[in-house]
Amino acid sequence: MLAVRNTPARCVVLNNRGIGGIRLMTTRTYCAANSDDLEEALEHLHSVHRSVPIVAVGISLGGMITGNYLTTRGERASRLLKAAVVMSIPWNMEVGVSSMERPLCNLLLNRYLVHCLCHLADTMRYQLAGDHKWDLDQVMKSKTIREFDTRFTAMQFGFRDAEDYYASSCLHNKIHRIKVPLLCLTAADDPFQPLHAIPLEAAEKSSHVAIIVTARGGHIGFMEGLLPTTTYYSDRLISQVLNAIFANLDAMEEVKREADAYARSVFSSDGDTGEDECASDRLASHETKKDLAECANDDGFSSQAGVKDADDHASVSIANQCPVKNTNDKAYPAGSGLQDGVLGAS
């Protein structure tokens, strides 16, 4: 939200179920492989602000949900969004979770995060305890993210196991389905996303997906400056990109046309419809079962990127850079935008 203070945008924040002081009203929570709630929020924004273009911004899990929406909704996403920005997302969930299980620092972070997940689930005990497919007491004993997802997330959303959930959450092999200009910011030292698993080759082939890889930044830690306490490269980048779009509205429309043409050409060549029917099915309740494995075969890309080691995050490796000038005649990667108003943040 702070990143858009100097842009003509209004922020709309989507709080996931049971988060942000909102009481959980059903047994359903949220996960990386389901974007129903985001879709409903975007549909609502569009209905009350029909003339205002919207850009979705997702960070970490929010970025995974945003990516799921882009890869499963196809034309519907293109109709509602001007562009999208995601930050610090695990492109390949299986690789990311496995990385988090490596000793010592990654595993310690893993233990801390699963402690937070268990605490969050415990605060929702009034809904989650009882006669369900999961045993909340067993969920509370989870020591790793994989154990938590096996005992709770997979069961709640109808996956066979955690591995099935991770396969369905992967985005690295679905970039070709995206029909919305997309800017992705990630760090080479992100413990959730090893450098070799970032789909740079897929982005190179795309006309409208740009991936920026910084040498440093970890997971959502893109601080900069001699005293990196209040200044963030990520905030500066988002602000610059949004302002660049305001000054290049015609170019933005051209990028969207290119995105649609690229997606159509890929779909016609490989038979992919661009709509993930399994993932876009509505979950009537936690009892609903879906087989999503066929929708996420692990045939994605793997590439080593040449990332410069620099004091400033501005030294980056960019896959598929499409320059767009801003009012100061500086070039920034295309793939994110907003006109006159609403910024949807997940």
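When reading the values below, keep in mind they use all heavy atoms of this one structure, side chains included, and skip hydrogens, waters and symmetry mates. Predicted, not measured: the structure shown is a model, and the values here were computed from it.
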#### Entry: S60 side chain vs G62 backbone, donor-acceptor pair below 3.5 Å
no
### Message
Assess, by modelled atom type and distance only, whether the side chains of S98 and E94 contain a donor and an acceptor separated by less than 3.5 Å.
### Response
yes
### Message
Between D260 and R257, does any side-chain N to carboxylate O distance fall below 4.0 Å?
### Response
no
### Derivation of the side-chain contact (heavy atoms from CB on, under 4.5 Å) call for L38 and L42
CA-CA 6 Å; L38 174 60; L42 290 173; 4.1 Å; yes
### Task
Grab the two heavy atoms, one from P199 and one from I211, that are nearest each other, plus how far apart they are.
O-CD1, 3.7 Å
### Task
Measure the acute angle between the ring planes of F152 and W134, then classify it against the limits of 30° and 60° as parallel, tilted or perpendicular.
perpendicular
### Message
Which heavy atom of G158 sits nearest to which heavy atom of K133, and what is that distance?
### Response
CA-NZ, 4.4 Å
### Query
Would a hydrophobic clustering, with Ile, Leu, Val, Met, Phe, Trp and Tyr connected at side-chain separations under 4.5 Å, put V95 with F159?
no
### Query
Can you check whether E258's main-chain N or O pairs, donor with acceptor, with S207's side chain at less than 3.5 Å?
yes
### Message
Measuring from atom CD1 of I54 to atom CG of L45, what distance do you get when rounded to the nearest 0.5 angstrom?
### Response
4.5 Å
### Query
So does R76 pair up with E43, basic N to acidic O under 4.0 Å?
no
### Message
Would you say H176 and S206 are linked by a side-chain donor-acceptor pair, where the criterion is simply a distance under 3.5 Å?
### Response
no
### Message
Closer than 3.5 angstrom, by distance alone: can the side chain of N68 be matched with the main-chain N or O of M64 as a donor-acceptor pair?
### Response
no
### Task
Examine distances only and state if a side-chain atom of N106 and a backbone atom of S99 form a donor-acceptor pair shorter than 3.5 Å.
yes
### Message
Applying salt bridge (Lys or Arg N to Asp or Glu O under 4.0 Å) to E75 and R264, what does each step give before you reach the verdict?
### Response
CA-CA 11 Å; E75 293 293 343; R264 291 179 184 276; 3.5 Å; yes
### Over 12 non-hydrogen atoms of neighbours within 6.0 angstrom of CZ in R79
yes
### Message
Under a 3.5 Å threshold, yes or no: a donor from one side chain and an acceptor from the other, between R28 and N34?
### Response
yes
### Message
Could you check whether atom CD1 of I22 has more than 12 heavy atoms from other residues, nucleotides or ligands sitting under 6.0 Å from it?
### Response
yes
### Query
How are the rings of Y262 and H208 set relative to one another: parallel (under 30°), tilted (30 to 60°) or perpendicular (over 60°)?
perpendicular
#### Entry: Donor on one side chain, acceptor on other, T29 and Q156, under 3.5 Å
yes
### Query
Partners of R17 by side-chain hydrogen bond (donor to acceptor under 3.5 Å, both in side chains), sequence neighbours excluded?
D37
### Heavy-atom donor-acceptor pair, Q127 side chain to M25 backbone, under 3.5 Å
yes
### Task
Identify whether the distance between the nearest side-chain nitrogen and carboxylate oxygen of R111 and E101 falls below 4.0 Å.
no
### Task
Using the six-membered ring of Y126, assess whether NZ or CZ of R23 lies under 6.0 Å from its centre and within 45 degrees of the ring axis.
yes
### Query
Do S35 and T66 have side chains that get closer than 4.5 Å, going by heavy atoms?
no
Can I get a per-line list of side-chain donor-acceptor pairs under 3.5 Å for residues 137-145, giving both atom names and the distance, sequence neighbours left out?
unit_1	atom_1	unit_2	atom_2	d
S142	OG	V139	O	2.8
T144	OG1	E147	N	3.2

### Task
Taking atom types as modelled, find out whether N92 and Y166 have a side-chain donor-acceptor pair closer than 3.5 angstrom.
no
### Query
Going only through I, L, V, M, F, W and Y residues with side-chain contacts under 4.5 Å, is there a path from L14 to I19?
yes
#### Entry: Test side-chain contact (heavy atoms from CB on, under 4.5 Å) applied to E40 and D36, step by step
CA-CA 6 Å; E40 184 172 352; D36 291 352; over 6 Å; no
### Query
Do D161 and R151 meet the salt-bridge criterion of a basic N to acidic O distance under 4.0 Å?
no
### Task
Report yes or no: do L117 and L113 belong to one cluster of Ile/Leu/Val/Met/Phe/Trp/Tyr joined by side chain heavy-atom distances under 4.5 Å?
yes
### Message
Has Q193 got a side-chain atom pairing as donor or acceptor with W91's backbone, closer than 3.5 angstrom?
### Response
yes
### side-chain contact (heavy atoms from CB on, under 4.5 Å) assessment of V55 paired with L242
CA-CA 9 Å; V55 56; L242 293 179; 4.3 Å; yes
### Query
Would Y112 end up clustered with L61 when hydrophobic side chains under 4.5 Å apart are linked, directly or stepwise?
yes
### Task
Start with the C-alpha gap between M87 and T186, add the side-chain angles, then the distance that decides, and say whether side-chain contact (heavy atoms from CB on, under 4.5 Å) holds.
CA-CA 6 Å; M87 183 192 311; T186 189; over 6 Å; no
